[in-house]
Amino acid sequence: MVLKTGDVAELLYYGEKLSGDFGYAQIGGDNSKNRNSVDDFYSEKRLVSSCGDGTNRETMINFVSADGSSIFRPILKSYKILKEKPQLQGMRSSYGESECLQLIYEDEYSHVTAEQYFSVFADSDVIATYIKLNNDGDGEIRVKRLMSLQLDLGFGKFTARTLNGRYGMERQVETREITPGTFGLSSFSGVSSNSANPYLQITKGGVHGYTLATNLIYSGNHREIVDYSEVAGVRVMSGFSDYLCDYPVKSGRSLCSPEAIFTIGETEEEVNFAMREFAKEHVIRPQWKNTPRPILINSWESFFFDFDEKKMLDLCDEASALGVELFVLDDGWFGERNDDASSLGDWSENKKKLGGSLGDIAEKVRSKNLDFGIWMEPEMINRNSELFRSHPEYAMTNGNREPLELRNQIVLDVTKKEVRDYVTESIVSVIEKSKAKYLKWDCNRGLYELTASGTLFYDYVIALYDILERVTAAFPDLIIEGCSAGGNRFDLGMLCYVPQIWASDNTDPRERLKIQEGTLLAYPQSSVGAHIGHNPNYHTFNSTSLKNAFAVSCMGAFGYEFDFTKSSAEDKREIANQIKFYKKYRSVMQLGKLHYADKFCNGENGIWTAVNEDKSQAVTVAVVKDYVLYAYPHRVYVDGLEESSVYDVYKVNAPEYDEEYAFSASGRDLRLAGFRIDNLFTEKNVGSDFNSVQTSTFVIKRK
């Protein structure tokens with residue numbers, strides 16, 4: 001980024017690194033101001049916009065001063081290079097930065113200053129930024145909007161890619177043309193949402209085109225704005241949402257935006273690489289960023305609420321024999337929890353169902369050579385619970401009206417310190433009793449009891465981070481998997497604390513491909529919970545063979561979600577072979593560099609390759625969406641290999657998951673020419689599938 005300083009910080013250039021051998025004055029534009037119309041007052045590419053000076057477009061910062069005015073005309077007063085960025089108030093942010101630019105703006109009439117920070121990283125093209133707004137005046141100001149990032153891109157033919165959806169169809173890739181006017185992404189439920197993920201991608205067409213991507217390290221309501229002015233071109237902004245925002249900042253106090261990250265590249269694939277790698281290296285906690293995730297079996301789709309000690313231990317016997325590494329006891333283990341109408345908040349074990357204490361059942365699981373994991377929904381309460389009967393004030397309710405219950409539950413008001421303390425102590429107690437290695441942290445509803453609407457959404461996220469901070473400090477080696485009614489809170493803010501997140505309750509491979517393709521635009525595959533679920537699928541009723549389900553799920557944090565004790569001997573043999581294969585290539589599939597050759601979201605088939613760091617091994621998966629009568633065979637292209645090296649290509653054959661040598665070729669030829677696969681929709685292949693995809697998997701090894 002090349003900035004010009006003066007009364008404002010003007011963005012002269014953003015793109016591939018320049019040589020610096022010439023002066024930069026020639027890349028600046030004409031910054032003359034237009035005082036003769038109602039069009040925009042200025043057209044410079046600013047990093048902080050003003051409010052109340054003739055600007056005819058979306059602005060970055062909006063507040064009401066003590067005198068009732070909403071004028072903010074910031075003047076750049078100083079700038080300096082810091083060796084490290086200051087810590088954000090109450091929030092986690094990226095780590096490992098090499099240098100940080102601090103810009104300080106002042107509006108002398110409102111006595112408000114804005115500190116803007118840009119952090120750069122020695123090993124990444126991603127830049128991180130945030131704003132700290134300081135009230136230096138005597139009276140209180142009320143912040144209506146505080147965005148984290150503003151980038152003015154100028155004119156051109158732009159398209160936007162966003163991740164939209166709903167429950168069971170999270171993070172679907174949507175592409176739209178950017179035309180004059182404004183559109184945005186927003187969440188309104190207090191979580192980052194399944195309907196509008198904070199990731200945003202902008203592509204400029206033309207000879208000197210590029211792709212820009214932004215994301216937000218935040219887990220609550222957010223807003224991304226794309227504003228196309230006929231006078232000044234495209235502006236992109238990202239930050240926490242201004243929906244019902246009315247945040248008081250007293251004299252001498254400050255308010256911080258979350259940290260936003262952004263990057264630019266010549267291609268979409270380039271920025272996807274950068275975003276995935278940045279999340280892995282600079283967001284996910286250091287002990288997990290390059291650590292393979294365990295293979296697990298979760299009890300939920302095996303039993304739902306209907307289980308006892310024998311059922312669990314029988315499942316563990318089967319899981320251990322098959323090679324599974326972790327058993328997760330899901331919902332139903334506590335209080336009087338036999339359905340979703342009771343006991344949330346009562347985190348004492350149901351000894352009748354467990355056959356003893358939580359510690360007892362955990363020890364019995366470990367005796368079967370499995371680690372123990374457990375499910376909690378710590379932010380929620382049922383009215384039918386001991387906690388509600390003893391502390392109704394802990395629930396987020398308005399005393400003047402009947403509380404809204406979704407899934408028979410109410411949100412705990414963790415903005416209150418005593419509630420945060422209770423939640424933290426409950427989690428700590430459960431982990432200490434069970435010595436669990438894994439915690440599935442669920443959150444099955446949003447914030448709709450707007451008890452303090454001007455501040456609630458922001459304060460709730462800060463409170464959530466406080467709890468997570470305390471839990472991860474107490475148990476630094478605990479794997480926490482985030483979950484929120486499926487994939488409702490899949491964001492970088494959660495990844496600061498949890499190394500993996502459940503992508504969706506929908507495990508149908510056909511649907512999961514679209515969900516995972518969208519998710520993997522922005523997030524590393526090691527962070528994506530991807531399991532083989534019950535067959536037929538509980539959501540779509542489609543049937544899928546173990547082979548095809550495995551091919552779709554293997555590029556992620558892998559596991560199973562069904563009762564092995566009801567599986568046939570033939571299926572058990574295949575599962576055991578899948579697990580052996582997955583363990584052999586887990587580090588490649590979870591942690592390798594991911595390349596796409598085709599994508600479902602583009603209306604094509606799915607073809608992707610994960611390549612290890614030294615490019616000696618790769619795993620390629622080809623997924624054919626539909627059978628086309630008498631069509632030509634499909635081609636598989638493999639990117640990411642060493643161009644001059646020769647590789648052996650092996651076809652992986654189910655149900656044995658052995659590797660059958662097919663041919664040898666150079667990395668360059670595999671990228672340019674690829675290789676042919678024949679029709680996968682044969683009578684033999686589709687016998688156990690209904691409305692499913694067909695797959696073929698390959699292992700590639702350097703000679």
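Computed from a prediction, not measured in an experiment: that's the story for all the values here.
Pairing each heavy atom of Pro378 with each of Trp441, the nearest pair is CG-CE2, 3.4 Å. For Ser257 against Leu88, the heavy-atom pair with the smallest separation is O-CD2, 3.4 Å.
Listed by chain and number, the residues in a side-chain hydrogen bond (donor to acceptor under 3.5 Å, both in side chains) with Tyr582 are Gln590 (sequence neighbours excluded).
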Run the salt bridge (charged side-chain N to carboxylate O under 4.0 Å, His left out) check on Glu325 and Lys437 step by step: do they pass?
CA-CA 11 Å; Glu325 297 162 322; Lys437 292 286 187 71; over 6 Å; no
Walk me through whether Tyr523 and Asn197 qualify under side-chain hydrogen bond (donor to acceptor under 3.5 Å, both in side chains).
CA-CA 11 Å; Tyr523 306 98; Asn197 192 267; 2.9 Å; yes
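The shortest distance between side-chain heavy atoms of Phe262 and Met1 falls below 4.5 Å.
Remark: side-chain polar atoms of Tyr95 are paired, donor with acceptor, to backbone N or O of Ile284 under 3.5 angstrom.
In this structure, Arg223 forms no cation-pi arrangement with Tyr243, as its terminal cationic atom is not both closer than 6.0 Å to the ring centre and no more than 45° off the ring axis. Judged by a 6.0 Å distance limit and a 45° cone about the ring axis, Lys593 is positioned over the six-membered ring of Phe273.
Of the N and O atoms on the side chains of Tyr167 and Asp505, at least one donor lies less than 3.5 Å from an acceptor on the other residue.
A ring pair (Phe, Tyr, Trp, His ring centres under 6.0 Å) with His531 is found for one member of Tyr560, Trp502, Phe558 and no other, namely Trp502.
At most 12 non-hydrogen atoms from other residues, nucleotides or ligands lie less than 6.0 angstrom from CD of Glu613.
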